[in-house]
Number of protein chains: 2
Amino acid sequence: MLSNTEENYLKALLYLTTDEAGKKEAGTNDLAAHLGLKPATVNDMLKRLKEKAYVSYKKYGKITLTRAGRDIAVFVMRKHRLWETFLCEVLAFSWDEVHEVAEQLEHIQSDKLTERLDKFLNYPDYDPHGDPIPKPNGKMPPRATTLLSSVAIQQSCTVAAVKDTSSVFLQYLEQLSIGIGTKIRVMEKISFDGSVILQVGKEKITVSEKFANSLLVD
Amino acid sequence: MLSNTEENYLKALLYLTTDEAGKKEAGTNDLAAHLGLKPATVNDMLKRLKEKAYVSYKKYGKITLTRAGRDIAVFVMRKHRLWETFLCEVLAFSWDEVHEVAEQLEHIQSDKLTERLDKFLNYPDYDPHGDPIPKPNGKMPPRATTLLSSVAIQQSCTVAAVKDTSSVFLQYLEQLSIGIGTKIRVMEKISFDGSVILQVGKEKITVSEKFANSLLVD
DNA sequence: TATAAAAGTTAGATTAATCTAACTTTTATT
DNA sequence: AATAAAAGTTAGATTAATCTAACTTTTATA
Ligand SMILES: [Mn+2]
Ligand SMILES: [Mn+2]
Ligand SMILES: [Mn+2]
Ligand SMILES: [Mn+2]
């Protein structure tokens, strides 16, 4: 059985080598930065994970997850997102508070618990941030890919996910009464700095380009 | 912040030095046996816990929890029992399956989670085994103390708690349709071997002395 | 292409948690 | 009280996970 630490490495690798982080390959430094560790530390751990056949790489080369490694990482991600959903929907946590606790809960080892939790939550497809929750077979519901910034003027859309899950951003969204499912109409784009003027409910608000690049919509 | 391991030592000490285990004092060997470790290992850890002022003892002497140590142990126990209750009541686990998972969940660090869980469960006083759940202030609801074996003939009583939480016993109780709250009438006691004949619902059943010493009643 | 910068690796150290084997102190039994 | 047994401690080793400092390889750029 894997340690929490090993699971965290695999999860970080999954993140770094999938769409989310942009790139398809990950190196020692990327991992170290993502996990808040030193490259030397990561290098040691990678040797162990390679030994156990969870990752694959050659000296000085890029790192990829093996099938076994990816399966574990996906399962940890499944647990993380199910717990985040539980915390929000059942225990009334706000969406900026759940991540830290889910980081711990994702390591609880009990298949029965995971499956019962999934059932209790009525088999959700997305977590509170709009991220897809992997199914028991490892398949993922489709992830929204359209950025708010790419929506044409006068078009309407629905918030599907947040690309940035930092507390500051999530709390700002809260303040603007924007959440998953909120309808937004793009009114105007300012060429000068990329700002966008949106219609949200009865309110007209102006947001930055950075903001418009951090929201995914349908 | 304490490691899971340290929390387990403190919880074991709480158990060993309270009513439950009979004795009031605990030694290195007791602790080692209870935790499935070697005395040498426990000795090392005790030095660290003493250093951190969670336990108190002198060389070759008996060990006791300090106020700080006991507070932590009680809080871990609170979490353990709340999670067991959650697993049974909300996720439909049976009472012989919850302990193992609760052993993991009891170490999740989030006061907010604990308090929200308590609220969600409607502030339960007892866990699925009839053990009292400590309140946030550390106070415990009263624990049942009457053994089924001490109930007089022709007296009726209600099952309040199990003294033995092993799977075999819990599953046996299940099979006999006996759970917390079940009404039992003591019909007869066999002097030869201490067996007891009980009336449970419409059934008349005979149980061993060991059995009668493992159930607590009101 | 030569060299500097970035990325990755190795060596050596530290801390927590565990073990075995040997030793010391306390307690129980003759 | 003497001695045997039990309980507790110490010494020395191991493994996982981390670090710093120094070194090597790869990549970028002048
Ligand atoms: Mn984690
Ligand atoms: Mn999430
Ligand atoms: Mn535990
Ligand atoms: Mn219990």
Side-chain angles (χ1 to χ4, degrees), chain A residues 1-13 15-17 21-65 69 72-73 76 103-104 106-107 109, chain B residues 1-13 15-17 21-65 69 72-73 76 103-104 106-107 109:
Chain A
M1 228 217 310
L2 295 188
S3 66
N4 289 10
T5 308
E6 289 170 312
E7 288 191 343
N8 285 336
Y9 275 86
L10 296 181
K11 192 163 64 101
L13 269 168
Y15 173 79
L16 290 170
T17 59
K23 8 169 61 184
K24 263 261 147 318
E25 301 195 303
T28 310
N29 283 293
D30 302 322
L31 256 181
H34 191 74
L35 292 168
L37 299 169
K38 300 296 166 179
T41 303
V42 170
N43 191 254
D44 268 7
M45 176 60 92
L46 285 173
K47 282 184 204 160
R48 274 176 271 158
L49 292 173
K50 186 183 183 179
E51 180 60 39
K52 295 187 183 177
Y54 294 123
V55 306
S56 162
Y57 70 99
K58 45 197 174 333
K59 231 192 200 185
Y60 296 104
K62 294 300 173 187
I63 306 138
T64 51
L65 287 166
I72 288 169
V76 173
E103 272 307 310
Q104 298 177 62
E106 71 188 0
H107 302 292
Q109 310 275 180
Chain B
M1 229 216 311
L2 294 189
S3 66
N4 288 10
T5 308
E6 289 170 313
E7 288 191 343
N8 285 336
Y9 275 85
L10 296 182
K11 192 163 64 102
L13 270 168
Y15 173 78
L16 291 170
T17 58
K23 12 168 56 184
K24 264 263 146 315
E25 300 195 304
T28 310
N29 283 293
D30 303 321
L31 213 39
H34 190 74
L35 292 168
L37 300 169
K38 300 296 166 179
T41 303
V42 170
N43 192 255
D44 268 8
M45 177 60 92
L46 286 173
K47 282 185 203 159
R48 274 176 271 156
L49 291 173
K50 185 183 182 179
E51 180 60 39
K52 294 186 182 177
Y54 293 123
V55 306
S56 162
Y57 71 101
K58 45 197 174 331
K59 231 192 201 185
Y60 296 103
K62 294 300 173 187
I63 306 137
T64 50
L65 286 165
I72 289 168
V76 173
E103 272 307 309
Q104 299 177 61
E106 71 189 0
H107 302 292
Q109 309 276 180

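Proteins come first, then strands; the chains are lettered A, B, ... in the order of their sequence lines, and each starts at number 1.
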N/O (side chain, [X]) to phosphate O (OP1/OP2, [N]) under 4.0 Å:
X	N	result
B:Y60	D:dA6	no
A:T41	D:dC19	yes
A:K38	D:dA17	no
B:R48	C:dT15	no
B:K62	D:dG8	yes

field: Pairwise 5' ranking along DNA chain C for A:A26 and B:A40, keeping only the more 5' one
entry: A:A26
field: Steps toward side-chain contact (heavy atoms from CB on, under 4.5 Å) verdict (B:L13, B:H34)
entry: CA-CA 9 Å; B:L13 270 168; B:H34 190 74; over 6 Å; no
query: So which nucleotide does C:dT24 pair with, by the Watson-Crick or G-U wobble rule with both distances under 3.5 Å?
result: D:dA7
message: Donor-acceptor pair, distance only, cut-off 3.5 Å: does the side chain of B:E7 make one with the backbone of B:L2?
response: no
- request: Give a yes or no answer on whether the side chain of B:D44 reaches the backbone of B:T41 with a donor-acceptor pair at less than 3.5 Å.
  value: no
Nearest-Å distance for atom pair [atom1]/[atom2], residues [X] and [N]:
X	N	atom1	atom2	result
A:D44	C:dT9	CG	C1'	9 Å
A:K59	C:dT9	NZ	C1'	7 Å
A:L35	D:dA17	CG	C1'	13 Å
A:K52	D:dA17	NZ	P	7 Å
A:N43	D:dC19	CG	P	13 Å
B:M45	C:dT18	CE	C1'	10 Å
B:E51	C:dA16	CD	P	11 Å
B:Y57	C:dT26	OH	P	15 Å

task: Measure from the side-chain heavy atoms of A:S3 and tell me the nearest of C:dT18, D:dA17, C:dT10.
output: D:dA17
Candidate nucleotides D:dA17, C:dT18, C:dT9, ranked by approach to the side chain of B:Y9 - the nearest: C:dT18
message: Ignoring hydrogens, what is the shortest heavy-atom contact between A:Y9 and A:L49? Give both atom names and the distance.
response: CB-CD1, 3.8 Å
field: 5' priority, DNA chain D, between B:N29 and B:K47 [closest heavy atom]
entry: B:N29
field: Given A:R48, A:K52, A:K11, the one that forms side chain to side chain donor-acceptor pair (under 3.5 Å) with A:E6
entry: A:K52
message: Any base atoms under 4.0 Å from A:T5, or only sugar-phosphate, or nothing? Heavy atoms, all strands.
response: sugar-phosphate
